[in-house]
Amino acid sequence: MFYTLTDVNATATAVRPLPELLESLRAKGLRRGVGPMVGEAVATPSPSNRGAIPSGFSALDEALRTGGWPRGSLALLDAPRGTGATSLAIRSLAASQEAGGIVAWIDAAGCLDAAAAERLGIQLEWLLVVRPTSALEAIELAGWLARSGLVDALALDLGESPDPAGGERHPGLVVGLDRLGQLLVRGRSVALLLTGEWLRAAVARVAAVRLALEREAWLAVDRDLVGQRIRATVTRHRWALAGETASLDLWFGEGRRIDALLPPLAVPREAAPALLPVAAIAEAEPEEQPGLRVLSA
Amino acid sequence: MTRILALVWPTLRAAPHDGHGSHRAPDEAADANPVVDVPAMLDRLDDLSPRVEAVDRGVALVDVTGLGPSLGDERRIAARAVALVREVATLPVRAGVGENRWLAVLAARLALTARPDPSVPVAFHAFPAALEATRAVLATLPLALLPADPETRQRFALFGLTAMGELAALPRSAVGAQFGANGERLQALARGEDPRPLAPRRRPEPLIRRVTFEPPVEGLGGTGLVLRRACAELCDALRLRHLAPGRATLNLDLEDAPALTVELTFPEPALEPDWIARLLIGRMEAASRTRHLHATSSEGEEEPRVVAIGLAFDRLSDPAARQLPAFQVQAGRWEELRWSLERLATRFGEGRLWRARTERPNASLPERQARLQSVGREDQP
């Protein structure tokens, strides 16, 4: 079956088979379901015309297809507890600082460990820590910072538990998130949002990028766990094709010199199920005990 | 030939002074010693010479080169300077004159031990203008007068060096090999050489604009436009002089109410009239709201009318003197960001914005390894 369409870059009309045409359009980063009009020029999303902030992992930058977190986006790190969302956010902020940026951590949860962040590469000198009193105020403060255009990347940690001021049902939260998305576009900043189940559905509606994190394996040296391998799947992307995955190794290192020796020594070990019953964990084989340790932590 | 007059008063610290202080502003020096009004003393010395430097809280340097024909010899100039200082505070001021700042301060210190001259009612000592004659005097002085740390002092003693002349006579390369760059600097001082020039202070002069309303304006909202215009006028005047303010003070005269004063210290010297006006209006409204709440809760009064506003810019400095952003990208952007943070602090209140600092990286508990400091108060312990 043949269709007659105009290629966006070709000057002459060409007749091309449909699969080939679709493949070429996908390569240009078109969204699914929104095809180009006949004769319409298609803007290719790329770091050159949109700009991106590196995530700190080249594999993830490639999976995002924009060379990193696209500027002006609200990105949701959709991850169960303990699957490296905070570590990924810290690495992303550190990479942004290395590129000459100023970053902010909006700590509504009140659990930022600055010393650990520094060990993971954050320069505390150029990190602004914001301590809001509620999730609503955190979103509002993030909007103010985004509007200034001087903060390149900010992590918005809204905590795992619902806000006592009203939780997800608070009408200001959804409105505030919508407004935050607009201000991020205006200020060309990136916001990485960390939250629990209580707000994830509301954020997912406004997030431009959604990244699902899932533990793929533990990384161990002998019987010692030294890290975890995370599968990051781009489940939503406003400016590029979604569906790409990347495998990220997150180390539990503390910045010591010996940590550099871990990657060649570590052996991936299959991850224990996240919701394994306690009894099952207790009866598990000794080889599975690393999973037990982490779950108990 | 340069002649520098050093004035030393009792706040001089016990350790030897080399005529180069900690570059503290005169305001800070005044804060450190509330009894002595150092800025007022320096203002008086401006009448003597336009080149006055406040070295530290106990030392001031005055360039007296070429003042002889009009004011007399150096003794008379020193007596006049001391008299000017004593108009502000009756302190036992000692005076010394030398070719450079080191020699001037050293002469002032020696004036303490020198027998006072009955013809001049101040402790005064001067080194001769000829360098060879000065070196001859210096050679007999003890090494303890040099601004050396105790360790270097001890090493001098181990080498058997007790007088400045002995140190000055050594080859410079040998001193550098034994005592490093600091030793070479001390040897230059022992030889009476000091290349550091006098850095005259800029006389602080506040810029004031006052606007009177006739009839008085209802509420604070009506003053916003006038305030913006006043900020713009003052900034334009300062821009022509290549200066920028470090602090703005807004004073509102209210009808049948005490005056309202709002002070705003800028993160850096700035010539941004729009930002300055916005921040002042924000603080003015916050202060007025607080006072209004107190008033309504007790007496039920209405918001008073504004009779006049006065806007003053001070702490003037050169805005082009900041070069750090040229070398570190984030430094310049952070200074810009601090303006936004000022507004955030006004909007959301204190205690929201922090910067983290590593304190004890090897502490066992994570909360002890780093601590948070409120933005804008990083210098405070």
Side-chain angles (χ1 to χ4, degrees), chain A residues 86 90 93-94 96-108 110-134 136-155 176 183 187-189 254-256, chain B residues 266-268 270 272 274-276 278-279 282 286 322 324-380:
Chain A
T86 306
I90 289 175
L93 296 194
S96 173
Q97 284 184 327
E98 280 180 16
I102 291 177
V103 300
W105 190 282
I106 300 176
D107 192 18
C111 54
L112 172 67
D113 184 350
E118 188 181 29
R119 285 194 291 269
L120 287 174
I122 288 275
Q123 302 171 41
L124 295 183
E125 195 178 0
W126 310 122
L127 170 72
L128 174 70
V129 181
V130 184
R131 285 276 174 91
T133 54
S134 66
L136 188 61
E137 190 179 284
I139 294 169
E140 200 178 347
L141 278 162
W144 276 66
L145 290 175
R147 191 169 60 175
S148 74
L150 295 167
V151 176
D152 292 88
L154 49 96
L183 293 172
R188 295 177 54 77
S189 306
E254 295 186 346
R256 297 170 301 189
Chain B
F266 307 146
E268 61 176 353
E272 302 287 342
D274 194 37
W275 278 105
I276 295 170
R278 279 190 200 182
L279 290 172
R322 295 171 286 109
L324 186 59
F327 302 97
Q328 200 165 17
V329 180
Q330 284 113 328
R333 299 183 66 201
W334 183 269
E335 292 302 330
E336 284 183 56
L337 180 64
R338 284 181 69 169
W339 286 96
S340 298
L341 300 184
E342 279 279 341
R343 293 191 67 198
L344 276 181
T346 307
R347 166 73 177 77
F348 291 93
E350 298 292 331
R352 304 292 199 281
L353 306 170
W354 304 86
R355 289 179 92 173
R357 178 174 293 180
T358 309
E359 199 166 43
R360 296 166 57 195
N362 296 322
S364 54
L365 295 174
E367 58 268 26
R368 290 187 182 170
Q369 293 173 356
R371 69 186 172 102
L372 296 178
Q373 284 181 310
S374 183
V375 169
R377 295 176 186 168
E378 289 92 342
D379 298 335
Q380 296 180 5

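Labels below follow one simple rule: chain letters A, B, ... track the order of the sequence lines, proteins then strands, and each chain is numbered from 1.
- Closest non-hydrogen pair, Ala370(B) versus Ala115(A), comes out as CB-N, 4.0 Å.
- Ranked by heavy-atom pairs shorter than 4.5 Å toward chain A, the options Arg343(B), Arg347(B), Arg352(B) are led by Arg352(B).
- Between the CG atom of Leu372(B) and the CG atom of Asp107(A) there is a distance of 8.5 Å, given to the nearest 0.5 Å.
- Counting heavy atoms from C-beta outward, Val375(B) and Val129(A) have side chains that stay 4.5 Å or more apart.
- With hydrogens and angles disregarded, no donor-acceptor distance shorter than 3.5 Å links the side chain of Arg355(B) to the backbone of Leu124(A).
- Between Arg333(B) and Asp152(A), the closest heavy-atom pair is NH1-OD1, 2.8 Å.
- Looking at Ser340(B), only its side chain comes within 4.5 Å of chain A, counting heavy atoms on both sides.
- Atom CH2 of residue Trp354(B) and atom CG of residue Leu127(A) lie 14.0 Å apart, to the nearest 0.5 angstrom.
- Residue Leu353(B) touches chain A through both its backbone and its side chain, counting heavy-atom pairs closer than 4.5 Å.
- For the atom pair CZ of Arg338(B) and OG of Ser148(A), the computed distance is 14.5 Å after rounding to the nearest 0.5 Å.
- When side chains are defined from C-beta on, Leu344(B) does not count as touching Val130(A), because their heavy atoms never get closer than 4.5 Å.
- In terms of heavy-atom pairs under 4.5 Å with chain B, the best-connected choice from Leu141(A), Asp113(A), Leu112(A), Val151(A) is Leu141(A).
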